[in-house]
There are 2 protein chains.
Amino acid sequence: MRHTKQRKLILECLRMTTSHPTAVEVYDQVRNKMPNISLGTVYRNLDYLCSHGLARKIDTCGERKRFDATVEDHVHIICTVCGKVRDAETGPGISPQTLMHPENTAASGFKITGVRIDILGICPECQKRQPSKTNP
Amino acid sequence: MRHTKQRKLILECLRMTTSHPTAVEVYDQVRNKMPNISLGTVYRNLDYLCSHGLARKIDTCGERKRFDATVEDHVHIICTVCGKVRDAETGPGISPQTLMHPENTAASGFKITGVRIDILGICPECQKRQPSKTNP
DNA sequence: GATAATAATAGTAATTATTACTATTAATGG
DNA sequence: CCATTAATAGTAATAATTACTATTATTATC
Ligand SMILES: [Mn+2]
Ligand SMILES: [Mn+2]
Ligand SMILES: [Zn+2]
Ligand SMILES: [Zn+2]
């Protein structure tokens with residue numbers, strides 16, 4: 001709601017990189033410009049940016065979440081060992097079966113082991129509990 | 001490596017349900033049959049089962065991991081609010097574009113908001129660090 | 001079946017990512 | 001400028017998972 005220096009800096013930092021950083025990585029980066037920003041502020045603002053459509057939270061296979069300023073739908077290549085995330089360079093209309101073909105993934109240098117497809121939504125219980133804000 | 005009662009019970013529990021339980025949910029279930037099994041044992045065995053191809057660990061949108069005894073590739077419907085997981089009833093050869101069409105998801109009762117597609121693999125750095133076991 | 005070797009366990013402590021709390025600061029509308 | 005109050009820094013708390021360690025129980029061998 002308010003345009004704070006911290007919020008602007010965090011979004012800038014996220015837009016500057018393609019590394020899909022963790023909250024702590026954003027924190028470390030952002031401290032170069034603002035040495036006493038707090039980690040809590042970074043977490044709070046990353047959540048804020050996500051809930052306002054300016055960033056996305058990524059569930060990696062590791063233990064900590066990663067963040068992405070690219071909000072358009074796109075495919076990620078995720079390392080199941082270290083949790084690293086890269087953007088896949090796939091065109092539109094690609095099928096799950098062809099997604100992991102070498103010609104689509106070679107550039108990443110990853111050794112591909114599988115594809116994960118999840119449909120995201122809101123379950124019946126949560127729909128009852130959380131009526132849409134436009135229709136209370 | 002050894003066939004313990006605990007390990008057998010945990011796998012049985014996981015195979016009995018379609019709920020994609022968390023480690024703690026498995027723990028609660030399994031304690032009915034073996035009241036003083038420890039939570040650490042549940043975590044250790046779930047990891048063991050996953051690394052031996054008998055179970056899968058699921059990254060939900062929530063904070064805790066879930067587990068699935070169905071190891072064949074299949075599509076999940078995940079609640080982005082509570083992290084609940086259901087199996088999608090999709091046939092083979094379905095495209096990402098049609099995955100979330102109402103006719104494929106209506107049965108779940110979920111309000112669908114998006115599809116998440118990730119390619120999984122091992123990054124160049126981790127390939128160097130972790131040479132395949134068969135070729136040391 | 002008894003025995004020895006040791007993988008696995010129970011119980012507990014430690015770690016780590018994330019969230020909550022609170023007094024203080026600073027963005028914003030008037 | 002000033003009042004309002006959202007947001008912050010700093011710290012404490014929470015919660016999921018992992019690590020540790022003495023003890024137990026599985027399994028291979030006799
Ligand atoms: Mn991305
Ligand atoms: Mn499943
Ligand atoms: Zn890696
Ligand atoms: Zn839900």
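Quick note: numbers below take in every heavy atom, side chains included, and nothing from hydrogens, waters or symmetry partners. Just so it is clear, the structure is predicted and the values come from calculations on it, not from any experiment. Every chain is numbered from 1, with letters handed out A, B, ... down the list of sequences.
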Trainee: Does a salt bridge link A:K84 with B:E125, judged by any charged N lying under 4.0 Å from a carboxylate O?
Mentor: yes

Trainee: Less than 4.0 angstrom from a charged side-chain N to a carboxylate O is my criterion; do A:K65 and B:D59 meet it?
Mentor: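 Looking at B:D59 together with A:K65, the answer is no, because their closest N to O distance does not fall below 4.0 Å.
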
Trainee: Should A:D47 and A:R44 count as an ion pair when the cut-off is N to O under 4.0 Å?
Mentor: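 Salt bridge flag = no for A:R44 with A:D47.
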
Trainee: Using only atom types and a distance under 3.5 Å, with no angle test, would you say the side chain of A:H20 pairs donor to acceptor with the backbone of A:T18?
Mentor: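 Between the backbone of A:T18 and the side chain of A:H20 there is a qualifying donor-acceptor contact (under 3.5 Å).
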
Trainee: Roughly how many Å is it from NE2 in B:H3 to C1' in D:dT24, rounded to a whole number?
Mentor: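 Rounding to the nearest Å, NE2 of B:H3 and C1' of D:dT24 are 19 Å apart.
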
Trainee: Considering the terminal five base pairs at each end of the helix from C:dG1-D:dC30 to C:dG30-D:dC1, what angle separates the two local helix axes, rounded to 10°?
Mentor: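 It comes to 50° between the two terminal axes.
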
Trainee: What I want to find out is whether B:D118 reaches A:R116 closely enough, with some N-O distance under 4.0 Å, to be called a salt bridge.
Mentor: yes

Trainee: Which parts of nucleotides 5-18 of chain C does protein reach within less than 4.0 Å, heavy atoms only, written one letter per nucleotide 5' to 3' as B for base, S for sugar-phosphate only and - for none?
Mentor: BBBSBBB-----SS

Trainee: Does the Lys NZ or Arg CZ of A:R7 fall within the cation-pi geometry relative to A:Y48 - under 6.0 Å from the ring centre and within 45° of the axis?
Mentor: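 Output yes; distance and angle both within limits.
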
Trainee: Do any N or O atoms from the side chain of B:Q127 and from the backbone of A:G109 form a donor-acceptor pair under 3.5 angstrom?
Mentor: yes

Trainee: Given B:R56, which partner from the list B:D73, B:D87, B:D68 fulfils the salt bridge (charged side-chain N to carboxylate O under 4.0 Å, His left out) test?
Mentor: B:D73

